[in-house]
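Bear in mind that the values here come from a model prediction, so they are computed numbers and not experimental data. So you know, we letter chains A, B, ... as the sequences are listed, proteins then strands, and number each from 1.
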Amino acid sequence: MEPKISEKAWNPELEKKILRQWEEEKIYDFTPQEDNYTIDTPPPYPSGRPWHIGAAAHYSQIDMIARTARMAGKNVYFPIGIDRNGLPVELYTEKKHKIRMRETERGEFLNLCREALDDLEAEMILIMKSLGISGDFAHYYRTDSKEYRALTQSTFIELWKKGQVYLANRPNNYDWVSGTTIADAEIMYEDLATKLVYMKFRIKDTDKEIIIASTRPELLCACRTIIVNPDDERYSEYIGNKIIVPITNAEVELRTHHSAQQEFGSGAVMVCSYGDQNDVALFRELELEEIVAIGLDGRMTEVAGEYAGLKPKQARTKIIEDLETGGLLDKVEDIVHRTPVSERSKTPIEIIPMEEYYLKQKDAVEKIKKLGQEITFHPSMHKQILMNWLESINIDWPISRRRYYGTEIPIWYCKDCSEPHVPEPGKYYRPWEEKCPISNCTKCNSTEFVGEERTFDTWMDSSVSPLFISKFNRDDEFFNKVYPASIRPQAKDIVRTWLYYTLLRCEQLTGEKPWSEAWIMGYGLDEKGMKMSKSKGNAIDPLPVIEKLGADTFRFWSASEINHGYDFRCNEQKIESTKKFLSKLWNVSRFLSSFPVIESGKLSASDEWILAELDKLVKECKKGYDVYNFFIPAIAIREFTWNVFAAHYIEMVKARAYGIEFSDEERDGAIFTLHKTLSTILKLLAPIAPFITEHLWKELYSKDSIHKEKQVIPENKEDKSNITKEISEFNSKVWNEKKSHNLSLKDSIKIDIPESLSEFKKDLKSMHNLE
RNA sequence: GGGCUCAUAGUCCAGGUCGGUUAUGACGUCGCCCUUACACGGCGAAGAUCCGGGGUUCAAAUCCCCGUGGGCCCA
């Protein structure tokens, strides 16, 4: 009998043809019904080349969620979006064109960013499509589109009107040379020579002194507290005492804090606004009131007293002299200090408070905690990341950024009285280049306005993704059908940002949770478990891998290698070797394609046994698919298909299937069981490897897509795994025996079949050619 | 610096909640074998101080404590 399938191995080239078919037949199209399964797909951010291979694995798995849900009979809404707002593309563009954002005309700079995004986006879309992602590419959205930005702005305007937004001072990184604030991402660290100044601080109402070392003595006037390590016994008796700051004679409290290192200087640290990032954290944590010691002009402010007007470096020199004169100086050491400097100007940055917009979030924490409790997390352990984060929130959310490529903050200020005005929601506004849509200032009736130049933090955009995909405020009927979404799949590293902010924003705007389930995936690392980065040279480009090995190989690797929720390692050779399983499946199918598909047959003990094992597999897969953990079915399917079905069952029934020395009835039992098992395997595997299962399904079982099938339901058959163990032990025994006697596998041999396997006697005899 | 998390053969991974056979499977390696689905295969073999130290226990990969190293987020 000639097998219907003639090729000897799975050819990934077939994937392209299958993709075209899916597109033509529109098998993943979504029409909203009463019950829908909405996936709040993460819109990936095009930050550079190549796209992270871990992200490709991530999207493969998100697609498995969609396919699992479809096969469970759900009406799946699987939107695709691209996140295009934010700093990375600005940095990418500056580097690519060797320009600086602030020295380039804003409109021109935005165009260059857009071009860069378009290129990078095209590559990501190509990868996602090649991976077989069954999302809605025809209507993919961009977070920098007019519609999306209009939504971000509308939601801001709504919250502004509810009084949820306010202005406050916030420490910013400031680069004096460029004259701008810079983002944390633009800071690098350099070891620079500086002086470590040991100063004498007196403990109030005693004649005792504490020596405090600092590289920034000019900030004495901004000192708010002194900290020592709680384990540091040198200071334990003075905790809570008032300390007199030299020069200013201000009184501050001595406290303990774990961030004080006993080995550094004298172990006591002065906390000033702001010497470094640690000071910022301490001011926030200890709720200290900041003192602005350095002004926007880069000089000491009036709080510095006689040092006012000096540059910090001059003030430092003078203050050291004065300390010495006043007998307040212990000693000065020359040290090398790890100093934050601006990436562009290479000069040390200062941290100074500037006015920024804040969105209230502290009041919402308890509500969000409750929402968090109502959401099912897969895996459940990652709910802890959110809960810990909620515990640690102690400031409102700063939402304004002094950047260009983002959604503009829709505010105009009256030129005369500075009163801020927000426009009506519903449209996309660009205040930096558009005329104010309001004709007169509501406060002073002036007609002249100045547009806000700042943009939003990008999380302001991405945090409304469930509202955008459900057409919030644009199509109420659609919104009511698909919101709240069913599931939010996302990576672990952005639980505190994207997941949290989405909960916050959606609660503020709809009063409801945005989804009922959150699915959290681990982080993709290199083969040694280190983070992948372009600079380390250990990044793997997913595109050539997928092109060479095919999407199904990549997807099956992703499912079988990544235990859900845990970090995973990416190794090209490992991905490549995964292909062997697909070949195995292909060849099993090729063998079965020699036999007609029949509806029934007389089942022998062997058939009953493998069907019981198959049922156990169905049950095991369901366990994984129910919680969208694809590692469980992938491992179980490979194990069953290769090591049970192919290795033992197929070998046992081969002769029977050919009808050699068996009745037609017996033969049909084998053929029926073979097809029943394979077709079940294909359906079980379809969400993970959609291409090869589709191809084999159509070759063998139906002209319709396997992706229209419903998932198999376990029948709870009797567990026969003990038989599996016995059969495989017996087979091994025979194989070993033949080997030790230098016999070929087809040679005849005399070995007794154990009593417990007597039911399988006929099949085993023909399999091994037993006498 | 803080929080969370991980650590099992050359490599990846299971087991860990609920302590108790010979620690699962895959990749890779080595040997033999073309047996009519498959050499991208079959059979077999070697390969693990279960990260280190301490504790609880008759018994620890598993539970507890202290380290070390990796990862993520926050600072």
Side-chain angles (χ1 to χ4, degrees), chain A residues 1-11 184 227 229 257-261 264 276-285 379 381-389 391-394 491-497 500 520 522-532 549 553 557 560-563 565-571 573-595 631-632 634-636 638-640 642-643 646-647 650-651 654-655 657-658 660 674 678 731-732 734-740 742-747 767-769:
Chain A
M1 264 178 278
E2 275 301 301
K4 192 176 163 198
I5 298 170
S6 55
E7 301 81 8
K8 281 195 171 184
W10 163 240
N11 179 2
D184 290 346
I227 56 163
N229 194 285
H257 196 271
H258 51 76
S259 68
Q261 291 170 274
F264 184 78
D276 57 24
Q277 289 287 348
N278 195 42
D279 283 343
V280 177
L282 283 164
F283 265 73
R284 194 176 291 166
E285 187 184 327
M381 67 173 177
H382 286 332
K383 185 180 276 194
Q384 204 52 39
I385 304 176
L386 173 68
M387 292 303 163
N388 290 344
W389 175 235
E391 284 303 324
S392 68
I393 287 175
N394 56 18
K492 189 175 80 176
D493 50 339
I494 51 175
V495 169
R496 291 171 173 196
T497 47
Y500 163 69
I520 313 293
Y523 201 78
L525 308 169
D526 81 353
E527 52 196 300
K528 295 191 186 73
M530 308 291 257
K531 185 178 182 155
M532 277 189 231
L549 302 168
T553 298
W557 163 78
S560 62
E561 192 83 2
I562 303 173
N563 199 350
Y566 294 95
D567 293 345
F568 56 97
R569 301 184 184 194
C570 305
N571 178 328
Q573 185 235 318
K574 258 334 234 302
I575 301 172
E576 193 162 358
S577 57
T578 308
K579 191 168 172 243
K580 291 174 145 196
F581 172 66
L582 300 187
S583 287
K584 191 71 192 178
L585 180 69
W586 177 270
N587 278 299
V588 167
S589 308
R590 180 167 178 255
F591 172 60
L592 292 216
S593 75
S594 319
F595 307 105
F631 183 78
I632 293 172
I635 297 286
R638 183 180 60 195
E639 173 66 16
F640 173 82
W642 208 323
N643 296 343
I650 292 183
E651 295 302 330
K654 205 178 259 177
Y658 283 129
I660 303 165
L674 284 167
L678 177 63
N731 288 339
S732 272
V734 178
W735 286 324
N736 269 326
E737 199 73 10
K738 287 192 175 178
K739 194 169 202 171
S740 64
N742 263 331
L743 292 173
S744 148
L745 286 180
K746 62 185 172 187
D747 289 340
M767 171 180 177
H768 295 296
N769 194 10

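Across all strands, A:Asn643 comes closer than 4.0 Å only to sugar-phosphate atoms, never to a base (heavy-atom distances). Residue A:Gln573 is classed as a sugar-phosphate contact, given heavy-atom separations below 4.0 Å to backbone atoms only. Looking at heavy-atom distances under 4.0 Å, A:Ala646 makes contact with a base. Counting any heavy atom pair closer than 4.0 Å across all strands shown, A:Arg496 reaches a base atom. Contact annotation for A:Lys654: base contact, defined as any heavy-atom pair under 4.0 Å involving a base atom. Counting non-hydrogen atoms under 4.0 angstrom, A:Glu737 reaches nothing in the nucleic acid. No engagement by A:Phe581 is indicated, since no non-hydrogen atom pair under 4.0 Å with the nucleic acid exists. Counting any heavy atom pair closer than 4.0 Å across all strands shown, A:Trp642 reaches sugar-phosphate atoms only and no base atom. Across all strands, A:Ser732 comes closer than 4.0 Å only to sugar-phosphate atoms, never to a base (heavy-atom distances).
In this structure, A:Lys383 places its NZ atom 23 Å from P of B:rC73, rounding to the nearest Å. In this structure, A:Phe283 places its CZ atom 15 Å from C1' of B:rA75, rounding to the nearest Å. Taking atom CD of residue A:Glu561 and atom P of nucleotide B:rG25, one finds them 17 Å apart after rounding to whole Å. One atom, NZ of A:Lys739, and another, P of B:rA45, lie 8 Å apart when rounded to the nearest Å. Remark: C1' of B:rA14 and CZ of A:Arg638 are 11 Å apart, rounded to the nearest angstrom. Going from atom CD1 of A:Ile5 over to atom P of B:rU36 covers 19 Å, rounded to whole Å. As rounded to whole Å, 11 Å separates atom C1' of B:rC43 from atom CD of A:Glu651. Between the CD atom of A:Gln384 and the P atom of B:rC73 there is a distance of 18 Å, rounded to whole Å.
Nucleotides B:rA7 and B:rA48 place their C1' atoms 14 Å apart, quoted to the nearest Å. Nucleotides B:rG16 and B:rG1, compared at atom C1', are 31 Å apart to the nearest Å. Taking the C1' atoms as reference points, B:rA14 lies 14 Å from B:rA9, given to the whole Å. Comparing the same atom, C1', in B:rA60 and in B:rU17 gives a spacing of 15 Å after rounding to whole Å. B:rC73 and B:rA61 have their P atoms separated by 35 Å, with the value rounded to a whole Å.
Taking a cutoff of 4.0 Å between a charged side-chain nitrogen and a carboxylate oxygen, A:Lys579 and A:Glu576 do not qualify as a salt bridge.
Between the side chain of A:Lys738 and the backbone N or O of A:Leu745, at least one donor-acceptor pair lies under 3.5 Å. In terms of modelled atom types and a separation under 3.5 Å, the side chain of A:Lys492 and the main chain of A:Ile385 share no donor-acceptor contact. In terms of modelled atom types and a separation under 3.5 Å, the side chain of A:Trp389 and the main chain of A:Arg496 share a donor-acceptor contact.
You won't find any donor-acceptor pair under 3.5 Å spanning the side chain of A:Ser577 and the base of B:rC27, going by distance alone. On a pure distance criterion of 3.5 Å, a polar donor-acceptor pair joins the side chain of A:Lys584 and the base of B:rC38.
When each of B:rC4, B:rG25, B:rA37 is scored by its nearest atom to the side-chain atoms of A:Asn388, the top-ranked nucleotide is B:rC4.
Nearest-nucleotide assignment on RNA chain B puts the 5′-proximal partner with A:Trp735, out of A:Arg284 and A:Trp735. Each of A:Ser744 and A:Tyr566 has a nearest nucleotide on RNA chain B; the 5'-most of these lies closest to A:Tyr566.
Put simply, CG on A:Leu582 and NZ on A:Lys580 are 12.5 Å apart, with the number rounded to the nearest 0.5 Å. Annotation: the span from A:Arg590 atom CZ to A:Lys8 atom NZ amounts to 6.0 Å, rounded to 0.5 Å.
Residue A:Lys492 places no side-chain N or O under 4.0 Å from the OP1 or OP2 atom of B:rC73. Between A:Lys4 and the phosphate of B:rA37, there is no side-chain N or O to OP1/OP2 separation shorter than 4.0 Å.
Residues A:Trp735 and A:His768 approach most closely at NE1-CE1, 3.9 Å, considering heavy atoms.
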